[in-house]
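I have placed the structure first, in the form of structure tokens, so that the comments after it can refer back to it.
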Amino acid sequence: MKKSRRFLTVFMMFCLVAANVFCFSDTAFAAKKIKNTSAAKKLARKEVKGATVTEVDKEYEKGVLVYEVTMEKGQKEYKLTYRASDSKLIAYEWEIESWYIKKGKGKLIGTSKCKKLAKKQVSGGTVKSVARKRSDGIDVYKVKMQKGSKNYELTFHARTGKLLEYEWELKDKGSKSKYISEKKAKQIALEEVGGGMVIKIEFDMDDGIPVYEIEIIDDDRNEYEIKIHAKTGKILDIEVDYNDDYDDDDYDDDDDD
């Protein structure tokens with residue numbers, strides 16, 4: 001009897017250890033970083049089986065490195081956004097290619113019917129707004145919803161009720177607020193050089209420091225490259241390429257058209 005109890009105790013301890021190892025392994029897998037575009041493609045292909053990857057972009061979104069994978073399958077184009085630090089899918093969307101969409105005939109389905117269709121697509125979701133618009137010559141309803149940690153936007157054909165676009169993204173928990181906006185960064189840069197036109201702005205990490213890198217051309221075709229601290233707004237570096245050969249006759253003036 002004692003041997004049986006000992007055996008049972010040992011067996012239960014073994015099961016607990018095995019369960020902990022399994023859970024740890026599963027968590028470690030989930031938190032695995034995306035190191036290259038091939039890894040991002042692999043994740044996307046698992047999410048949308050049978051789809052063809054057409055493009056992969058690696059970029060920073062407000063200080064967070066992400067991979068955006070564009071795919072095609074049937075009549076739909078997909079875009080999946082993964083956070084590089086832990087491979088988490090943070091945004092998902094698809095839309096029917098415009099050339100497959102017919103204008104449709106008959107009366108509008110109405111907002112009430114549209115809400116019912118949306119709630120079928122996102123069971124348990126809360127409708128926040130419904131707006132009728134024109135898109136590529138077609139009447140559509142744009143429905144914004146919330147459920148759990150996600151914000152949704154669904155686009156329905158206003159006459160047939162067909163779902164044309166579907167997307168969700170994780171709610172912003174305020175992490176973006178620690179960085180100044182691109183608009184603010186542009187304003188700081190333009191004020192520093194006395195005006196001009198912003199031709200490029202990128203978020204980057206420079207030796208661990210979050211920065212906006214901004215390129216500006218002024219009215220005399222002088223080119224500026226300005227680096228701004230993305231948290232404080234402080235200008236960290238300015239490079240100027242003066243256009244000594246500038247001649248008004250070398251450029252067209254839109255005002256003369």
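Just so it is clear, the structure is predicted and the values come from calculations on it, not from any experiment. The first residue of the sequence shown is numbered 1, and numbering continues consecutively from there.
In this structure, the side chains of Ser87 and Lys33 stay at 4.5 Å or more apart for every pair of heavy atoms. Contact check for Leu154 versus Leu163: side-chain heavy atoms found under the 4.5 Å cut-off. Here the side chains of Glu153 and Glu93 are not in contact, with every heavy-atom distance at 4.5 Å or above. Residues Glu59 and Val66 meet the side-chain proximity criterion, which asks for heavy atoms closer than 4.5 Å. Counting only heavy atoms from C-beta outward, the side chains of Ile109 and Cys114 approach each other to under 4.5 Å. Side chains of Lys150 and Met145 form no contact here, defined as non-hydrogen atoms less than 4.5 Å apart. A heavy-atom distance below 4.5 Å is not found between the side chains of Thr54 and Tyr78. Trp94 has its side chain out of reach of Val48: every pair of non-hydrogen atoms, C-beta onward, lies at least 4.5 Å apart.
A search for side-chain hydrogen bond (donor to acceptor under 3.5 Å, both in side chains) contacts involving Tyr152 returns nothing, not counting sequence neighbours. Applying the side-chain hydrogen bond (donor to acceptor under 3.5 Å, both in side chains) test to Thr155 and every residue at least two apart in sequence or in another chain returns Lys142. Evaluation of the salt bridge (Lys or Arg N to Asp or Glu O under 4.0 Å) rule for Glu213 yields no partner, not counting sequence neighbours.
Counting non-hydrogen atoms of neighbouring residues, nucleotides and ligands closer than 6.0 angstrom, the NZ atom of Lys116 reaches no more than 12 such neighbours.
With rounding to the nearest 0.5 angstrom, the CG atom of Leu108 is 10.0 Å from the NE2 atom of His157. Interatomic distance, CD of Glu72 versus CD of Glu77, reported as 6.0 Å (0.5 Å rounding). Interatomic distance, Leu89 CG to Trp168 CH2, rounded to the nearest 0.5 Å: 4.0 Å. Put simply, CZ on Phe156 and NZ on Lys113 are 10.0 Å apart, with the number rounded to the nearest 0.5 Å. Atom CD1 of Ile188 sits about 10.0 Å away from atom OH of Tyr212, to the nearest 0.5 Å. Atom CD in Glu223 sits 11.5 Å away from atom CD1 in Ile216 (nearest 0.5 Å).
In this structure, Asp220 contributes its side chain and Asn222 its backbone to no donor-acceptor pair below 3.5 Å. Tyr82 places a side-chain N or O within 3.5 Å of a backbone atom of Leu43 that can act as its donor or acceptor partner. Panel note: side chain Lys76, backbone Glu165; no donor-acceptor pair is recorded below 3.5 Å. Thr81 places no side-chain N or O within donor-acceptor distance of the main-chain N or O of Ile90, the cut-off being under 3.5 Å. Between the side chain of Tyr67 and the backbone N or O of Leu80, no donor-acceptor pair lies under 3.5 Å. Under a 3.5 Å cut-off, the side chain of Lys73 and the backbone N or O of Lys49 do form a donor-acceptor pair.
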- [ ] Check the pair Tyr179, Lys231 against side-chain contact (heavy atoms from CB on, under 4.5 Å), reporting the backbone distance first and the verdict last.
- [x] CA-CA 5 Å; Tyr179 298 108; Lys231 286 186 177 181; 3.9 Å; yes

- [ ] Please assess Leu65 against Lys58 for the test side-chain contact (heavy atoms from CB on, under 4.5 Å), listing each intermediate value before the final yes or no.
- [x] CA-CA 7 Å; Leu65 181 62; Lys58 178 184 177 182; 3.8 Å; yes

- [ ] Take Met71 and Arg45 through the side-chain contact (heavy atoms from CB on, under 4.5 Å) test and state the conclusion after the steps.
- [x] CA-CA 9 Å; Met71 314 175 75; Arg45 288 191 181 112; 4.2 Å; yes

- [ ] Quick one: do Lys144 and Asn151 satisfy side-chain contact (heavy atoms from CB on, under 4.5 Å)? Show the steps, please.
- [x] CA-CA 7 Å; Lys144 292 186 178 181; Asn151 290 323; over 6 Å; no

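By the criterion of side-chain heavy atoms lying less than 4.5 angstrom apart, applied directly or through intervening Ile, Leu, Val, Met, Phe, Trp or Tyr residues, Leu236 is not grouped with Ile201; the two fall into different hydrophobic clusters. Under a hydrophobic-cluster definition in which Ile, Leu, Val, Met, Phe, Trp and Tyr are linked whenever side-chain heavy atoms come within less than 4.5 Å, directly or via other members, Leu190 and Tyr224 are assigned to the same cluster. Ile199 and Val211 are not part of a single hydrophobic cluster, where members link through side-chain heavy atoms under 4.5 Å apart. Linking ILVMFWY side-chain heavy atoms closer than 4.5 Å, directly or via other members, places Ile209 and Ile180 in two distinct hydrophobic clusters. When the side chains of ILVMFWY residues are joined at heavy-atom separations under 4.5 Å, either directly or via intervening members, Ile226 and Ile217 end up in two distinct hydrophobic clusters.
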Side-chain polar contacts of residues 96-104 - donor-acceptor pairs under 3.5 angstrom, sequence neighbours left out - could you list them?
none

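Contact between Ala44 and Val69 at its shortest, heavy atoms only, is CB-CG1, 3.6 Å. Nearest heavy-atom pair, Phe203 versus Pro210, reported as atom, atom and distance to 0.1 Å: CZ-CB, 3.6 Å. In terms of heavy-atom proximity, Ile214 sits nearest to Ala189 at CD1-CB, 3.8 Å. In terms of heavy-atom proximity, Ala39 sits nearest to Lys35 at CB-N, 4.5 Å. Listed here is the closest heavy atom pair of Ala185 and Ile228: O-CD1, 3.4 Å. What you find for Arg83 and Ile34 is that their closest heavy atoms are O-CD1, 4.0 Å.
For residues 185-210, every residue pair satisfying the salt bridge (Lys or Arg N to Asp or Glu O under 4.0 Å) rule, not counting sequence neighbours, is listed here: Lys200-Glu202, Asp206-Lys227. For the salt bridge (Lys or Arg N to Asp or Glu O under 4.0 Å) condition, the pairs that include at least one residue of residues 154-163, sequence neighbours left out, are Asp139-Arg159.
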